Every structure is written in structure tokens, then in C-alpha cells.
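No experiment lies behind these values; they were computed from the predicted model shown. Ligands are counted one by one from 1 in listed order, and the atoms in each one are counted from 1 as well. When reading the values below, keep in mind they use all heavy atoms of this one structure, side chains included, and skip hydrogens, waters and symmetry mates.
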Amino acid sequence: MGSSSASCLNPQIDPNLVLKSSLSASDVKAPVRFPSPARMGFEGKSQPKIVEGERGYVLEDVPHLTDYLPGLPTYPNPLQDNPAYSVVKQYFVNVDDTVAQKIVVHKSSPRGTHFRRSGPRQKVYFESDEVHACIVTCGGLCPGLNTVIREIVCGLHHMYGVNRVLGIQGGYKGFYARNTINLTPKSVNDIHKRGGTILGTSRGGHDTAKIVDSIEDRGINQVYIIGGDGTQKGASVIYEEIERRGLKVAVAGIPKTIDNDIAVIDKSFGFDTAVEEAQRAINAAHVEAESVENGIGVVKLMGRYSGFIAMYATLASRDVDCCLIPESPFYLEGHGGLFEYMEKRLKEQGHMVLVVAEGAGQDLIAESLRSMSVEDPSGNKLLLDVGLWLSEKIRCHFAKKPKMPVTLKYIDPTYMIRAIPSNASDNVYCTLLAHSAIHGAMAGYTGFTTGPVNGRHAYIPFYRITETQNKVVITDRMWARLLSSTNQPSFLNSHIIEESKKEEESPPTQLLDGENCMENGVVDASLP
Ligand SMILES: Nc1ncnc2c1ncn2[C@@H]1O[C@H](COP(=O)(O)OP(=O)(O)OP(=O)(O)O)[C@@H](O)[C@H]1O
Ligand SMILES: O=P(O)(O)OC[C@H]1O[C@](O)(CO)[C@@H](O)[C@@H]1O
Ligand SMILES: [Mg+2]
């Protein structure tokens, strides 16, 4: 049944690329692994796997089991005999397919960075009854976690005939400190209708050696890790330890962040659901505000370092008069400040709604309260409550203006938003993510995160996901759209605009509908 792959040709080269390449020999130069400037500060030890081609083509490839276990046997993909898939034309992804990171280019632009396209391969590196998979969820909750768990279990079973899937309870520390549960298509059948994660989650407690010991002891050979930037950093060091020990274990990350702060991918699952649910809170704030004279509704939304939920919820609602996000500094008093704008708005329409992302204005709060030094068990800064602080500041300001008495209602729906099940579009998205991860692991890829890049799902090396955070670009068109939709002040002076432009060397995601193009002749700074 098994056929020997020729991966021993060169352990550093993806066997598929070498054996089945449709790129001409001149297209593909010898793959190399070396540190790029983008990896400076990255804790991991393994090197990027870069393949260079003609006209500035660069493939930032993901590791493969045969990189360190040459000569692993391959097997025909069982999907070719699956009645649902065998009729699909071109169901198997061409092994050379890659996805471009930048799709707006100029005539003379280099071809730029690409990622390996995700999807089923003709050959797999695991037999069905050999697979012993596990799933773990880490970090904060997010709508869609249960859908991803369900789809990994059902996808492994229905597409690849895998029957052994273990749920690790309570996040990373669950590998060595908690129980596990067997997951079957039957046991996960309805879980997508529930919020949260049936496996539980946690912050902190990442002990790499103990986690890999547990993987080894239990005979697990596929590890599916669902979580945010911290989780993906943890997944990266797990992969490195597995490689160091020479284990045939595929590590696949599925990016989770309600804040949409994960770089490279178009957007994260649960984000659409969060924006939709935020509408209910904004609507309530609007109803309250317009029912009284000089009513003010303040809504706090999630977004520790990235204000995407606040920005999209504001744009979608049209009831919001001002949106404050971490990326855009603001000030309260004086000309061009928030209070001046609020007074004007109240005079014009008699009420107003303000949306504030949780990470906004932290510098201002720290000035007037205590310094920000408290951290959660994962090392994330615990933020001060900007909603309460801002509401109090607004009340105090208008108390000094007896001719303008205001009524303020503060709504904090953050945990209510995070705890709901995912909506229809996120559910479909979760299925694609789960399937991409499964196909990648079965095909022997490892040390990767999967997600859509310009609408096409791809396998992305961990370091690309963890080295930067996705943020709202305040010099991009989307933020300009918001400013012109709310008519709020930009609170920006020319110095801040220049600084912001300088900081934004990496391209925004497609979600931003922004300047995702490559300047003439300018190659991505992260490439060697
Ligand atoms: N640099 C790191 N190396 C190894 N493990 C890490 C690292 N950073 C975080 N982790 C682990 O990853 C897990 C989740 O991290 P964290 O609490 O920061 O959530 P997250 O994945 O970033 O999700 P969220 O978007 O909810 O913040 C924790 O168990 C934490 O110990
Ligand atoms: O209170 P917890 O569970 O630590 O999570 C809060 C954080 O999680 C996030 O939702 C990210 O998952 C942030 O927006 C928020 O600050
Ligand atoms: Mg995080």
C-alpha cells in the first residue's frame, strides 16, 4: 500500500516541490534556510524555509516532516475513493500552487512573497488507522471555537477515516495537568450551536518539555492548536521541540482572535460574529441616548491593541458619532478635542453615541490613574477600563456646564459578545480552516498556521503570524471612511500622521481594503 517517497533527495527541500514541480528548473533556485531580519527577536530556533524563483518570486514555505525524517513512506489520499470528492474536478491541489501575499502590483513589481496553498494532496504521510490526533484551545474565548473543534473531528473522520481524536482540556496546561476526552463525530455533533469551547481554555502554563512529553507518551501524531498570537508562539516552540526529538508529529495552528489582530490572514473567525453582535449594544445605546435630552451612549468593545471590532461595528451601525481605537491617539480638552466635538454634536442633534475599543486611550488613563503594570498569566498587560474612565470624565466635564445637563448610559457588552456561538458566515469559514489544517497535517506539513490570504487559504509559517500584530492603519482609506462617516475629529497632528506612515511598512490585510500593494521595486523588508 505504501510507496516510498524520494524525500531523501534533500532533506531541506519539500519532496513534492522537487518531484512534481511544474516550475522550470530555472524558476526555482535551491531552497535555503537562513534567518531574516523579520525573525530578529523571535524566540524559536528553526529557520525560515525560503524558496526563491524568477523575477523576485519568493515562497515562504512551511516545514515538512521529511525535512527531518527523510524517507517517510507516502500513501494515496483516501479522498480519491470518497464518493463526495472523487467527482470533483481538480480536487487535489497542485503541489506547486502558492498564494501571493500582495495582489495589487505594478508593471515592474517583483513577484513578491507567496505562501503554500492549502488543500488536499494526492499523497499523504499518514495511514488512517495510524493517526492519533489531539485538539487544544488556548487564550480568550471567541465565537466559532466549537465549530472548529467539530469540523476537525468530523473532517478527520469523514475525509480520512480517522477515529482517534483526543480533546485536551483547559488549554496548554491540560497536556500535563488535566484530563482528556475522546472526541467523536457523535459527541461533537451539536457543539457548534454553543458558545465557548467544550474543551475549556486557559492563559499561561505553557511548559514545552512537559507538553511534548505528554504528546510522545500518548502516541499523538497530529496536534491541532487553536488560539491567538500567544498560542501560535507556543505552537511554534512545541513544533521545534518535536523536530528536535525527531518525532513524526504534525503540528497545525488554527488562528483565533476575536480582535482580528493576527497578521497576514485576511481576517479571523469570530470577527464577523462579534461585529454583528456589537450592533445590538450600539442600538441599545442609541435608543437610550435619543430618548432623553442630551443623551450620551457609551459602548465599550473588545480590541486590546487593534480596533477592528470598534471600527467595523461603527461603520456598520451608522448610529455612532465617535469611535475611539488604540491605534488613534485622542485627547479630551481644548480645540479639536473630544469634549469640544461632543458639545457641538449635542447641540446639533441632542444626543450622541460613542464607541470605544478597550485598548483606546490607555496612556491617558495611566496618566490620571495608576501605572499599567499588571499582567495576566500569559504576560498580557491587564488594561484599565477605558469605558468607565471615559464615562466619568464626560460626566465631570458636563457637570461644569449647567446649561448642558447630560444623561449618560455606559454599556459594556464585551463578554456577552465573546460568549455567543458563531454566525453563519463564520461557521462556513471555521469549516474551511479546519479542513485546511487537516489536509496540511495529512500531507506531512507541520509547524504551520492556516488561513486565507487574499481569499485563498494557505499554509503560513508560525513566525509570520507571530512577529507582528495586525492593526488598523489610520493612514489607510478604511479609517478615512470611518472619519468621514462619523464626522468626528481625527485628533491627529501632522507629526502623528508621519510617524504612523513610517510604522506601517508591512501591508494591511485585505479586510482593510487598503493599500495592499507593493511599491515599485521595493521588496518586503522582511525578506533577505
Ligand atoms: N511566547 C510564548 N511562548 C510559549 N507559549 C506562549 C507564549 N506566549 C503565550 N504562550 C501561551 O499561549 C497560551 C495563550 O496565550 P494568550 O493567553 O496570550 O492568548 P492568545 O493565544 O494570544 O489569545 P487571545 O487572543 O485571547 O489573547 C498561554 O497558555 C500562554 O502560556
Ligand atoms: O478577560 P480575558 O479572558 O483575559 O480576556 C480579555 C481579552 O481577550 C481578548 O478578547 C482577546 O481574546 C481581548 O480583546 C481582551 O482584552
Ligand atoms: Mg493574544
Side-chain angles (χ1 to χ4, degrees), residues 39 41-45 136-145 148 168-178 195-197 199-212 223 225-241 251 253-263 265 267-271 273-275 277-278 300-310 313 325-326 356-360 362 372 374-387 412-420 449 462-463 465-471:
R39 301 206 61 206
F42 174 66
E43 296 135 68
K45 290 175 219 82
V136 64
T137 51
C138 312
L141 292 183
C142 179
L145 281 166
V148 176
I168 307 294
Q169 293 187 308
Y172 277 134
K173 61 179 81 142
F175 272 104
Y176 54 88
R178 292 282 299 274
T197 156
L199 299 177
T201 185
S202 63
R203 297 192 188 273
H206 184 282
D207 185 323
T208 316
K210 282 189 189 170
I211 291 169
V212 179
V223 185
I225 300 176
I226 312 168
D229 53 345
T231 305
Q232 303 301 319
K233 284 178 195 158
S236 181
V237 286
I238 290 173
Y239 153 69
E240 279 161 11
E241 179 60 15
V251 179
I254 292 125
K256 172 237 58 134
T257 157
I258 198 166
D259 296 349
N260 195 45
D261 56 4
I262 291 189
I265 62 170
K267 71 174 164 180
S268 47
F269 74 82
F271 174 73
T273 307
V275 170
E277 188 66 9
K300 185 177 82 171
L301 297 176
M302 274 184 171
R304 223 191 311 237
Y305 304 109
S306 309
F308 287 103
I309 299 180
I325 59 170
V356 57
E358 63 178 323
Q362 290 295 311
M372 301 186 290
V374 195
E375 293 182 346
D376 73 13
S378 294
N380 302 303
K381 252 180 210 161
L382 283 180
L383 302 182
L384 301 162
D385 192 325
V386 64
D412 177 354
T414 46
Y415 289 107
M416 293 185 71
I417 289 175
R418 211 170 70 161
I420 62 169
T449 299
F462 281 134
Y463 67 87
I465 296 283
T466 55
E467 66 197 1
T468 52
Q469 267 182 330
N470 191 26
K471 291 190 185 234

What protein heavy atom sits nearest atom 4 (O) of ligand 2, and how far off is it?
-> Arg203 NE, 3.0 Å
Mark the output for Gly303 as yes if a heavy-atom distance to ligand 2 is under 4.0 Å, and as no if none is.
-> yes
Counting heavy atoms only, name the option from Lys381, Lys256, Arg418 that's nearest to atom 5 (O) of ligand 2.
-> Arg418
Taking the side chain as every heavy atom from C-beta outward, state whether Asp261 and Arg304 have any atom pair closer than 4.5 Å.
-> no
Asn380 and ligand 1 - part of the residue with a heavy-atom distance under 4.0 Å = side chain
With a 4.5 Å heavy-atom cut-off, do Asp229 and Gln232 have their side chains touching?
-> no
Between Thr201 and Gly139, is there a donor-acceptor pair closer than 3.5 Å when you use the side chain of the first and the backbone of the second?
-> yes
Thr257 N/O to ligand 1 N/O under 3.5 Å | no
Flag the pair Asp259 / Tyr305 as yes when at least one side-chain heavy-atom distance between them is below 4.5 Å, and no otherwise.
-> no
Does some non-hydrogen atom of Gly171 fall short of 4.0 Å from ligand 1?
-> no
Determine yes or no for a side-chain-to-main-chain donor-acceptor pair under 3.5 angstrom, with Gln362 supplying the side chain and Leu384 the backbone.
-> yes
Heavy-atom contacts with Gly228 under 4.0 Å: which atoms of ligand 1 show up? List them by number with element.
-> 20 (P), 21 (O), 22 (O), 23 (O)
Does Tyr172 reach the side chain of Ile238, with side-chain heavy atoms less than 4.5 Å apart?
-> yes
Please walk me through it: do Thr414 and Asp412 pass side-chain hydrogen bond (donor to acceptor under 3.5 Å, both in side chains)?
-> CA-CA 6 Å; Thr414 46; Asp412 177 354; 2.6 Å; yes
Is any side-chain heavy atom of Ile254 less than 4.5 Å from a side-chain heavy atom of Phe269?
-> yes
Taking the non-hydrogen atoms of Asp259, is any one of them nearer than 4.0 angstrom to ligand 2?
-> yes
Taking only heavy atoms of Glu358, which atoms of ligand 2 are found under 4.0 Å from at least one of them?
-> 13 (C), 14 (O), 15 (C), 16 (O)
Within a strict 4.5 Å, meaning less than it, do heavy atoms of the Ile309 and Asn260 side chains meet?
-> no
Near Ile258 (heavy-atom distance under 4.0 Å), the atoms of ligand 2 are 10 (O)
Does Lys256 have a heavy atom less than 4.0 Å from any atom of ligand 1?
-> yes
Does Arg304 reach ligand 1, in the sense of a heavy atom lying below 4.0 Å from it?
-> yes
Short check: any N/O/S atom of Asp229 below 2.8 Å from the Mg ion (ligand 3)?
-> yes
Side-chain contact test, heavy atoms from C-beta onward, threshold under 4.5 Å: evaluate it for Asn470 versus Ile262 and give yes or no.
-> no
Nearest candidate to atom 28 (C) of ligand 1, where distance is taken over non-hydrogen atoms, out of Gly170, Gly204, Gly230 = Gly204
Judging by distance only, is a nitrogen or oxygen of Lys233 under 3.5 angstrom from one on ligand 1?
-> no
Which atoms from ligand 2 have a heavy atom of Tyr415 less than 4.0 Å away?
-> 1 (O), 2 (P), 6 (C)
For Lys381 and Asp376, what are the C-alpha separation, side-chain angles and deciding distance, and is it a salt bridge (charged side-chain N to carboxylate O under 4.0 Å, His left out)?
-> CA-CA 6 Å; Lys381 252 180 210 161; Asp376 73 13; over 6 Å; no
Within 4.0 Å of some non-hydrogen atom of Met302, the atoms of ligand 2 are 10 (O), 14 (O)
Could you tell me whether some N/O pair between Gly140 and ligand 1 is separated by less than 3.5 angstrom?
-> yes
